Structures are given as C-alpha cells and as structure tokens.
Trainee: 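Provided herewith is a single structure, encoded as structure tokens, for subsequent inquiry.
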Amino acid sequence: MPTTYQLYIGGAWRDAADGATFPAINPVDQQPWAHLPQATAEDVDAAVVAARQAFEGDWKHTNGLTRATLMQRLAELLEADAERMAQLETTDNGKVIRETRVQMRFAARNYRYFAGWADKLQGDSIPLDRPELVDFTTREPRGVAALITSWNSPVTILANKLAPALAAGCTVVIKPSEMASVTTLAFAELCERAGFPPGVINVVTGDGSVGAALTGHPGIDLISFTGGTATGKAISRVAAEHLTPVTLELGGKSANIVFADADLEQAVTGAVAGIFAAAGQSCIAGSRLLVQREIYDQVVAQVCERAQAIRVGDPRDEATEMGPVATEAQHQRVLAFIKRAREQGATLAVGGGVPQGEAYARGYFVEPTVFTGVAPDAELAQEEVFGPVLAIIPFDTEEQAIAIANGTAYGLVAGLWTQNLARAHRVARRLEVGGIWVNTYRTSAAQAPFGGVKASGIGRERGMRALDEYLEIKNLMIDLSSEARDPFAIRT
C-alpha cells in the first residue's frame, strides 16, 4: 500500500488544510507509490508564520555552537539512514541507487561543513580616517528563507540551501518539486529527531500554486530556487514586488571541451559520465561535447561504443547504470528534442528512442542518445534537454572552441580536457561560466562554491561564499570623543 505523508509545519505533522493529496509516481512502472499533501495558500501562510515566530523567538539568538551541534546531529542521522533515504529517492525520481547513496552522504558532508562555520560568523573591524571613531560590522541572519528545490536531486540540492541557512541562523520553509517530494518529507523527520526547535524547519508540498504562494508571501526574507530558467525569471519578477533577495541555480548547456593532447581514455570516460549519469537530468550535464578535429572521429567512435554499452534498467538494480527520466512530461520532452534534431539535419549516431523489451514498456525510459553533425547554433546545441542526449561538435582552434562554448544563453559549468596547463588556464579565463573542471567532470566538494552566470543563475551555493546569501551586514560606528560638534556639519 502506498505510504501517506503529511506537511511539516511548526514542529507538527498535519494534512493539507482541505485534505487534498496527489500521488508520487514511480518512473519505472508509472505506479503510484506514495500519497502527498497538496498544500493550500493557508498552509503556506501557516508555515511562514511558524518560521517567523521561531526566528523572532529563540532561534536568531541561539549561539553558533548550539546550531552547529544540531547540524552535526542531523548529519549523523542522515548518514545512518542513508540506505533508506537512497531507496526512497531512487523510487521517486529514477536515479540509480549507487548515485543516490553517494548523494545522501554528500548531503551529510554539507551539513558537517556548514556546522563548522556556524560559530565563526565574525564581522570586521574597520580603521577610519578619524581615530576617535570606532567602526565594525556584524553578520546577522536575514530571517525566513524560502527554499525551493528541483526533482532531480532533492536531498542534495536541499543541503546546498538548508545547511548555510541553518548555519547563518535563518529559519526556512521548504517547497520540494511535486515530482519528487518524498525524501524531503522523510528528511524533515530526521530534522525533528535531531532536535531542531518547532518552526525552524517547515515543509510544504504541492504543485506550482504552492510555490507561487510561497515566493509571493510578504513574510519571506530570502528566496533560494533551483530549477528551470523560465521559472527562475518568474520568481525574480514576483520577488521584485517585495524587494526580496533571490538566489537562483538554473539551467545549463555545458560544454565538455576535448583538446587533441588530452588523455583520450580519461576524456571519453568523463564525457560519457558527464551526460549519461542521472540520465542527463542534471543542470551540470555536459550535453555539448566539443572535440578538436584531429581526434574527432576517434572520440566519436569511442563515445558511441561506450553509450551503446550502458546498462539501462530499473535504478534499484545494482547493475543498472542509467535509469528512466523522472516524469512523463520529461519523457515526452526528451523524445521531442530527439525528433526535432533529426528533422533539423543532425546525424543520429546512437540511440534515439525508447529501449525495446518488456522491462521498459511501462517506464519513462530513453536510450542513451548521441548526435553528430550538430551545428553550434542548432536547437540541440542551444537549449537544455535535461535528458540523455549528447551533441558532439568539432572545432579546430582554441578560439573556435571558446566561441562555441560561450555561444549559448547559459553559463553554468564547463569541462576542459588537456595536458597543457597553460592552455587550461588560458581557456578557463575566457569561458563565461561559474565553474570549470579540468581533466574531471561532475566532481563536487562541500568547500567549493557552485553557481552560474548569464541564464544559469545568480549567487553561489556550497563553500563559505554560500553563507553570504543568508546573512546581512550591519555596520556600527561609535564616536569615542566627548567634544561638542556642529549638528549640521557633515563629518568624514
């Protein structure tokens, strides 16, 4: 029987105000396996009020050591429950179990990393021109943060936001994607067990109307969103009405650039993992493979051979290397991209359809797909597919590679494959992206900042810079002199 979940508001578990629910669908067989509450605007308001009361109560005065202790406890609970959480997430969004296990532990690492910052949020002492003036800053929590996550990696993406928010002393209202909400509610149970005070962490679930109610709520002090660029723009417009600060981690059309001097075995492995891991459902997917012309045929042959050998199947099976895409809508979107690419003249080298066989008949499966002959300005090279579809594009010179890589609206990440350290630095400086990997791809660290430029977003997650998104700077200036002053004079 499907499990029924509840909202988590003000430290209490409750049904949606009107009792409405919606199903969680397993992408392997399209069967409902959980029932989730469809929150109302009333529920959203209750969550924001609970977060505000918790913030204005004890939480913003809770010292960093106490916050860090709670976060460390949360990390311990997540690590201890990693297998169950991984199974839930794999069932919810179709990501292979080997990856979701790693992601649970990586999320726990984020909570540990930011716990280390919770009692180190000091300000600065600033020397001024006049010695009788003492000036210093403090860093204070912004208040109530709305954290909105996507369906491809719910627990990991939440950790990118919640960990710095808690370390900074904010309270939060979390809204996961309606396409994958189960692990967020299961994670809220761990937060409760860790001992976070009521109202510090709240979770509301449901469709886009819930997100709209949350982002438009006047009681929100900060919005952090991960998802599509179009939705990010819409959130920015709503946030502008209340002058609410926004951080956005949006889409990508990332270039994996292979130069002729690269270690080709390493580069091909990185290219295959960069696009087909998570069935391409990653903002950092290396969906454009740029290959220097003298090695182009060799790389294409090796990538195609590796793509054809990928084991597609039930993501809960340990042997599976690529599961289904997460939703019916995404399944249709990916297949439509493939159809249009063929119609627009790209050469289909591998895949291009739904795998054949009874095991795939009821799920949202797409074959690992490789296109060659893709023009740099073609739709397949410009738009985010968010599926297991790779466009391979040749280039001749560094200048051409840089121009092609920069020639999209996005600017999230890029990969460089070369043994020439000078070239790596030279090209990296000119790429219009937020992050670059050299001779690796899809490698993450809690300490390393992550985020994009252009249509890929605003702000940074992970690393100490992420804390700045959740903190305000307050300046305090003290006049130590006792001398009477002209009250109308401007003093510098």
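Here the structure is a predicted model, which means the values were calculated and not measured.
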Trainee: Would you say the side-chain atoms of Glu384 pair up with the backbone N or O of Gly252, donor to acceptor, closer than 3.5 Å?
Mentor: yes

Trainee: Evaluate the side chain to side chain donor-acceptor pair (under 3.5 Å) criterion for residues Asp263 and Gln419: first the C-alpha distance (whole Å), next the side-chain angles of each, then the deciding distance (0.1 Å), finally the verdict.
Mentor: CA-CA 7 Å; Asp263 179 324; Gln419 299 301 307; 5.3 Å; no

Trainee: I would like to know whether Ile174 and Asn202 meet side-chain contact (heavy atoms from CB on, under 4.5 Å); could you show each step before the answer?
Mentor: CA-CA 6 Å; Ile174 302 163; Asn202 307 271; over 6 Å; no

Trainee: Phe395 ring centre to Arg293 NZ or CZ under 6.0 Å, with the angle to the axis within 45°?
Mentor: no

Trainee: Only counting residues at least two apart or in another chain, list the ones meeting side-chain hydrogen bond (donor to acceptor under 3.5 Å, both in side chains) with Trp117.
Mentor: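 Only Tyr113 meet the side-chain hydrogen bond (donor to acceptor under 3.5 Å, both in side chains) criterion with Trp117.
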
Trainee: Are the side chains of Ile223 and Val238 in contact, using a 4.5 Å heavy-atom criterion?
Mentor: no

Trainee: Taking Glu383 first and then Lys253, would you say they form a salt bridge - that is, a charged N and a carboxylate O separated by under 4.0 Å?
Mentor: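 Result for this pair is no, no salt bridge flagged.
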
Trainee: Is Leu421 close to Val438 at the side-chain level, that is, under 4.5 Å between some pair of heavy atoms?
Mentor: no

Trainee: Asn93 side chain to Ala180 main-chain N or O, any donor-acceptor pair under 3.5 Å?
Mentor: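 Not confirmed, Asn93 side chain does not pair with Ala180 backbone.
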
Trainee: Side chains of Val210 and Val44: closer than 4.5 Å at any heavy-atom pair?
Mentor: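 A side-chain contact exists here, since the closest heavy-atom pair is under 4.5 Å.
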
Trainee: Working note: Arg460 + Glu469, criterion salt bridge (charged side-chain N to carboxylate O under 4.0 Å, His left out); need CA distance, chi angles, decisive distance, verdict.
Mentor: CA-CA 8 Å; Arg460 291 296 178 266; Glu469 311 291 355; over 6 Å; no

Trainee: Within a strict 4.5 Å, meaning less than it, do heavy atoms of the Phe386 and Asn152 side chains meet?
Mentor: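 Yes, at least one pair of side-chain atoms sits under 4.5 Å.
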
Trainee: Roughly how far, to the nearest 0.5 Å, is the CD atom of Glu294 from the CZ atom of Phe259?
Mentor: 10.5 Å

Trainee: Determine whether Lys175 and Leu147 satisfy the following criterion, side-chain contact (heavy atoms from CB on, under 4.5 Å), listing intermediate values before the conclusion.
Mentor: CA-CA 6 Å; Lys175 195 278 179 188; Leu147 310 182; over 6 Å; no

Trainee: Kindly give the heavy-atom pair with the smallest separation between Pro324 and Gly94, and that separation in Å.
Mentor: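 Minimum heavy-atom separation between Pro324 and Gly94: CD-O, 3.6 Å.
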
Trainee: Quick one: are the ring centres of Phe114 and Tyr470 less than 6.0 Å apart?
Mentor: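 When the ring centroids of Phe114 and Tyr470 are compared, they turn out to be at least 6.0 Å apart.
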
Trainee: Would you indicate whether Glu265, at its atom CD, is surrounded by more than 12 heavy atoms from other residues, nucleotides or ligands within a distance under 6.0 Å?
Mentor: no

Trainee: In Å, rounded to the nearest 0.5 Å, how long is the span from CG of Asn110 to CG of Leu162?
Mentor: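 Reported to 0.5 Å precision, the distance equals 10.5 Å.
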
Trainee: Is Arg101 salt-bridged to Glu318, going by a charged N under 4.0 Å from an acidic O?
Mentor: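 Salt bridge flag = yes for Glu318 with Arg101.
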
Trainee: Carefully, step by step, assess Ile157 and Ser150 under the rule side-chain contact (heavy atoms from CB on, under 4.5 Å).
Mentor: CA-CA 7 Å; Ile157 291 170; Ser150 61; 3.1 Å; yes

Trainee: Within the 3.5 Å criterion, strictly below it, is a donor on Glu89 or Thr183 matched to an acceptor on the partner's side chain?
Mentor: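 A pair is found: one side chain offers a donor N or O, the other an acceptor, under 3.5 Å apart.
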
Trainee: Which atom names give the shortest non-hydrogen contact between Val204 and Ala39, and what distance separates them?
Mentor: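 Minimum heavy-atom contact is CB-CB, 4.2 Å.
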
Trainee: Does atom CD (Gln356) have a neighbourhood of more than 12 heavy atoms from anything else shown, all under 6.0 Å?
Mentor: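 Not buried by this count: 12 neighbours or fewer within 6.0 Å.
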
Trainee: Is it the case that the side chain of Thr100 and the backbone of Ile97 share a donor-acceptor pair, with hydrogens and angles ignored and the cut-off at 3.5 Å?
Mentor: yes

Trainee: Could Glu321 and Arg306 be called an ion pair, given the rule that one side-chain N must be under 4.0 Å from one carboxylate O?
Mentor: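 So Glu321 does not pair with Arg306 through a salt bridge.
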
Trainee: For Gln103 and Ser153, which I'm curious about, is there any donor-acceptor pair between the side chains at under 3.5 Å?
Mentor: yes

Trainee: Is a side-chain N or O of Thr369 found less than 3.5 angstrom from the main chain of Glu367, in a donor-acceptor match?
Mentor: yes

Trainee: Can a donor-acceptor pair be found, under 3.5 Å and without considering hydrogens, that links the side chain of Asp317 to the backbone of Asp314?
Mentor: no

Trainee: Heavy atoms only: give me the nearest Val182-Asp92 pair and the separation to one decimal.
Mentor: N-OD2, 3.2 Å

Trainee: Is any side-chain N of the basic residue among Glu358 and Arg362 closer than 4.0 Å to the acidic one's carboxylate O?
Mentor: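 Salt bridge: yes.
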
Trainee: What pair of heavy atoms forms the shortest contact from Thr247 to Ser224, and how long is it?
Mentor: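 The answer is OG1-OG, 3.0 Å.
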
Trainee: Among Arg84, Arg109, Arg112, Arg105, whose salt bridge (Lys or Arg N to Asp or Glu O under 4.0 Å) with Glu79 holds?
Mentor: Arg112

Trainee: Take Asn439 and Leu416 through the test side-chain contact (heavy atoms from CB on, under 4.5 Å) and record every step on the way to the result.
Mentor: CA-CA 6 Å; Asn439 297 331; Leu416 295 177; over 6 Å; no

Trainee: Roughly how far apart are Ser254 OG and Tyr441 OH, rounded to 0.5 Å?
Mentor: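 Here the rounded value is 4.0 Å.
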
Trainee: Please assess Asn256 against Trp417 for the test side chain to side chain donor-acceptor pair (under 3.5 Å), listing each intermediate value before the final yes or no.
Mentor: CA-CA 8 Å; Asn256 231 339; Trp417 302 87; 2.7 Å; yes

Trainee: What's the spacing between Asp221 CG and His242 NE2 if we round to 0.5 Å?
Mentor: 11.5 Å

Trainee: Kindly say whether Gly407 contributes a backbone atom to a donor-acceptor pair with the side chain of Gln382 at under 3.5 angstrom?
Mentor: yes

Trainee: Within the 4.5 Å heavy-atom criterion, are Phe22 and Glu178 side-chain neighbours or not?
Mentor: yes

Trainee: Checking Asn26 against Thr91: is there a side-chain donor and acceptor pair closer than 3.5 Å?
Mentor: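 Short answer, no.
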
Trainee: Salt bridge or not between Glu432 and Lys454? Use side-chain N to carboxylate O under 4.0 Å.
Mentor: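 Salt bridge: yes.
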
Trainee: Does Ser456 reach the main-chain N or O of Gly411 with its side chain, forming a donor-acceptor pair under 3.5 Å?
Mentor: yes

Trainee: When you measure from the side chain of Thr327 to the backbone of Gln330, do you find a donor-acceptor pair of N or O atoms at a distance under 3.5 Å?
Mentor: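 Checked: pair present.
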
Trainee: When you compare the side chains of Gln292 and Asp396, does any donor N or O come within less than 3.5 Å of an acceptor on the partner?
Mentor: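 No, no side-chain donor-acceptor contact under 3.5 Å.
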
Trainee: Where is the tightest heavy-atom contact between Ala267 and Val258, given as atom of each residue plus distance?
Mentor: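 That would be CB-CG1, 4.0 Å.
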
Trainee: Do Val413 and Ile436 come close enough that some side-chain heavy atom pair is under 4.5 Å?
Mentor: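 Result no, sub-4.5 Å side-chain heavy-atom pair not found.
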
Trainee: Report the distance from atom CD of Gln447 to atom CZ of Arg465, rounding to the nearest 0.5 Å.
Mentor: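 With rounding to 0.5 Å, CD (Gln447) is 14.5 Å from CZ (Arg465).
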
Trainee: For a quick test of reading the model, state the closest non-hydrogen atom pair linking Met104 to Ala82 and the distance between them.
Mentor: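 Where Met104 meets Ala82 most closely, the heavy atoms are CG-O, 3.7 Å.
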
Trainee: Can any side-chain N or O of Ser181 pair as donor or acceptor with the backbone N or O of Thr205 at less than 3.5 Å?
Mentor: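 Checked: no pair found.
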
Trainee: Backbone N or O of Gly451 within a donor-acceptor pair of the Arg462 side chain at under 3.5 Å?
Mentor: no

Trainee: Surrounding CZ of Arg442 (heavy atoms of other residues, nucleotides or ligands, distance under 6.0 Å), is the total greater than 12?
Mentor: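 Count over threshold, so yes.
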
Trainee: With no hydrogens and no angle check, just 3.5 Å: does a side-chain donor-acceptor pair link Thr226 and Lys161?
Mentor: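 Yes - a donor-acceptor pair under 3.5 Å links their side chains.
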
Trainee: Let me confirm one number: the CZ-CD1 distance from Arg430 to Ile402, rounded to the nearest 0.5 Å.
Mentor: 4.0 Å

Trainee: By ring pair (Phe, Tyr, Trp, His ring centres under 6.0 Å), which residues pair with Phe187, not counting sequence neighbours?
Mentor: Tyr111

Trainee: Please report the C-alpha distance between Gln87 and Glu83 in whole Å, then the side-chain angles of each, then the deciding distance to 0.1 Å, and finally whether the side chain to side chain donor-acceptor pair (under 3.5 Å) criterion is met.
Mentor: CA-CA 6 Å; Gln87 293 287 347; Glu83 180 63 28; 2.9 Å; yes

